[in-house]
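Beneath this line is the structure, given in structure tokens, with notes to follow.
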Amino acid sequence: MSEVFKQIVSHCKEYGYIFQSSEIYDGLAAAYDYGPYGVLLKNNIREYWWKSMVQLHDNISGLDAAIFMHPETWKASGHVDAFNDPLIDNKDSKKRYRADVLIEEYIEKIRGKVDKEVSKAARRFGSDFVEEKFKKEHPRVSGYLQKIEAVRAEMARCMTEGDLQGLGKLINELEIADPASGSRNWTEVRQFNLMFSTQLGSVAGKEEKLYLRPETAQGIFVNFLNVANTTRARIPFGIAQTGKAFRNEIIARQFIFRMREFEQMEMQYFVRPGQEMEWYNYWKEFRMKWHLALGTPMEKLRYHDHDNLAHYANAAVDIEFEFPFGFKELEGIHSRTDFDLKRHQEFSGKKLQYFDSEINESYVPYVVETSIGLDRMFLALLSQAYQEDEVPDSEGKSSKRLVLKLPPALAPVKCAVLPLVKNKPELTQKATEIFNDLRYSFDCQYDEKDTIGRRYRRQDAIGTPYCVTVDFDSLEDNAVTIRERDTLEQHRIPIAEVEKVVREKTSMYHLLKKL
Ligand code: GAP
């Protein structure tokens with residue numbers, strides 16, 4: 001784990017964002033609890049997603065389907081047979097890995113060597129340096145790149161064809177060692193189903209196997225006609241849903257990046273067959289815009305086309321974000337064809353067709369899906385927001401501060417009200433009055449403990465965009481000082497305007513307007 005990533009994880013704990021699940025029992029791997037600020041940030045991310053998808057699209061409606069679904073659902077969707085990860089064990093360390101992840105990490109290592117050579121050459125050649133030409137002509141670098149291509153292509157083939165032996169062969173040929181022990185003593189690669197199961201039924205011996213949903217999407221597919229009929233939706237239309245999903249991940253690590261219980265925000269867009277690529281491109285662009293509207297710089301985001309398509313998709317792309325451990329998938333946009341609806345039609349025996357009055361035809365719609373992990377989005381935001389900078393202290397000397405520069409519309413607490421000093425009842429009373437009024441409009445905090453400088457630091461560390469300080473002048477002029485978290489600018493404004501100013505600056509309205 002990189003130093004900065006370790007700091008983010010401990011910051012999350014120290015400031016009540018995220019705790020290890022069941023910590024008093026030494027924790028449960030890959031399960032986390034969101035603390036007082038974490039739950040607020042999570043709610044705000046969910047709200048931003050919901051409003052942008054449902055409120056801003058008059059042809060998208062919401063759904064909240066049950067986590068438990070009829071067991072046939074998962075046979076129809078292909079999850080019982082095909083929702084597997086290829087796993088491999090190291091015989092010496094007894095550690096278990098995903099075979100494809102070991103190979104991807106090998107590729108990343110070579111890519112690191114390429115990047116090193118490129119930046120060395122860029123420094124040496126200065127303005128004459130042409131990266132593409134260098135990559136083609138430098139024998140070592142072009143060799144690395146060919147190797148990456150060859151390994152990637154072979155891995156994609158093995159994954160698409162389910163060739164487990166091929167994956168094992170590749171790991172051995174590349175002499176990939178166990179990252180923990182360095183041993184190359186591997187077992188064969190085996191398939192491992194990722195669904196958690198439980199049982200339904202009160203009669204002993206008659207229990208029925210149930211699965212905890214591994215994606216929220218299937219709840220949308222099985223309700224496709226219910227929603228279409230009750231909303232009189234006309235194609236193209238979408239159904240959006242947020243909720244928990246569960247996967248028995250072989251390697252669940254990197255904090256909340258990969259968990260066994262997590263939350264998804266998914267939308268299925270039902271379209272006329274043949275029009276799926278048009279909508280796939282629309283959603284690919286819209287979803288990127290959604291990330292950029294938060295102020296995430298373009299260089300921190302990129303598209304990554306899938307090398308091996310899932311069994312249901314005819315096109316798929318990831319939006320990747322540069323986490324502290326490198327570029328990784330944040331969101332997926334998939335053109336899922338009519339696979340899911342057709343399979344549910346087949347397994348349930350119920351028609352799942354749409355009558356398109358424009359062309360006078362009934363058909364099973366095609367589906368374009370956008371799917372983002374709420375927890376992963378949380379981590380992306382936090383890792384970008386977490387910064388250490390220098391600010392002047394009360395004596396004007398420069399001092400370090402830890403600050404979460406979260407987008408104000410998503411910040412857990414929008415405003416903190418601080419009496420300049422604690423033991424002056426006239427100040428604390430005035431500040432309490434202001435606080436009691438503001439809390440009707442947004443999440444705010446009252447804090448009177450410690451020096452004003454310390455309180456500012458505390459609010460910076462939880463990412464509060466505005467602090468309002470009540471001082472002795474406030475008693476005379478009915479005005480307060482408002483301090484901006486990122487610029488540290490301070491202004492004097494009338495108390496009567498505080499609510500309007502903070503509401504205006506932290507409202508989701510401006511964020512949504514950018515879409
Ligand atoms: N319905 C499509 C689907 O589930 P996916 O690529 O498997 O596609 C979608 O998952 C998103 O869910 C991912 O982009 C990621 O953000 C999130 N996600 C998937 N597995 C996760 C896990 N184990 N922990 C946290 N987030 C996860």
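Atoms within a ligand are numbered from 1 in the order they appear, just like the ligands themselves. One is the number of the first residue; the rest follow in order along the sequence.
Of all protein heavy atoms, the one closest to atom 10 (O) of ligand 1 is Gln264 NE2, 3.4 Å. The nearest heavy-atom contact from the protein to atom 6 (O) of ligand 1 is Glu329 OE2, 3.1 Å. Considering only non-hydrogen protein atoms, atom 9 (C) of ligand 1 sits nearest to Ser371 OG, 2.9 Å. In terms of protein heavy atoms, atom 8 (O) of ligand 1 is closest to His334 CE1, 3.6 Å.
Each of the following atoms of ligand 1 lies closer than 4.0 Å to a heavy atom of Glu369: 1 (N), 2 (C). Those atoms of ligand 1 that come under 4.0 Å of a heavy atom in Phe257, given as number and element, are 24 (N), 25 (C), 26 (N). Of all atoms in ligand 1, listed by their number and element, those nearer than 4.0 Å to a heavy atom of Glu266 are 1 (N), 2 (C), 3 (C), 4 (O). For ligand 1, the atoms sitting less than 4.0 Å from at least one non-hydrogen atom of Glu331 are 14 (O), numbered in the order shown with element in parentheses. The contact set between ligand 1 and Glu249, taken as ligand atoms under 4.0 Å from a residue heavy atom, comprises 20 (N), 22 (C), 23 (N). Each of the following atoms of ligand 1 lies closer than 4.0 Å to a heavy atom of Met259: 22 (C), 23 (N), 24 (N), 25 (C).
A cation-pi geometry, defined here as NZ or CZ lying under 6.0 Å from the six-membered ring centre and within 45° of its normal, does not hold between Lys414 and Phe442. For Arg376 and Phe257, the positive end sits near the middle of the six-membered ring, less than 6.0 Å away and at most 45° from its axis.
Between atom 7 (O) of ligand 1 and the options Glu320, Glu215, Arg260, Arg247, the minimum heavy-atom separation is to Arg247. Looking at Met377, Arg376, Arg336 and measuring to atom 15 (C) of ligand 1, the nearest heavy atom belongs to Arg376.
By the 30° and 60° cut-offs, the orientation of the rings of Trp186 relative to Tyr97 is perpendicular. Under the 30°/60° scheme for interplanar angles, the aromatic rings of Tyr17 and Tyr37 are found to be tilted. By the 30° and 60° cut-offs, the orientation of the rings of Tyr48 relative to Trp290 is parallel. Below 30°, between 30° and 60°, or above 60°: for Trp279 and Tyr282 the angle between ring planes is above 60°, a perpendicular geometry.
Looking at Phe262 next to ligand 1, no N or O pair under 3.5 Å apart turns up. When only interatomic distances are considered, the shortest N/O to N/O separation between Pro214 and ligand 1 does not fall below 3.5 Å. The shortest N/O to N/O separation between Ile372 and ligand 1 does not fall below 3.5 Å.
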Verify ring-ring contact (aromatic ring centres under 6.0 Å, His included) between Phe325 and Phe323, making sure each step is shown before the conclusion.
-> CA-CA 5 Å; Phe325 38 86; Phe323 289 94; 5.4 Å; yes
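Aromatic rings of Trp283 and His57 (six-membered ring for Trp) have centroids within the 6.0 Å cut-off, being under it. Ring centroid separation for the pair Tyr32 and Phe255 comes in under the 6.0 Å cut-off. Aromatic rings of Tyr211 and His79 (six-membered ring for Trp) have centroids beyond the 6.0 Å cut-off, not under it. Ring pair Phe270/Tyr366: centre-to-centre distance not below 6.0 Å.
Residue Asp318 does not touch ligand 1, judged by heavy-atom distances below 4.0 Å.
The shortest separation from a heavy atom of Asp375 to ligand 1 is not under 4.0 Å, leaving the residue out of contact.
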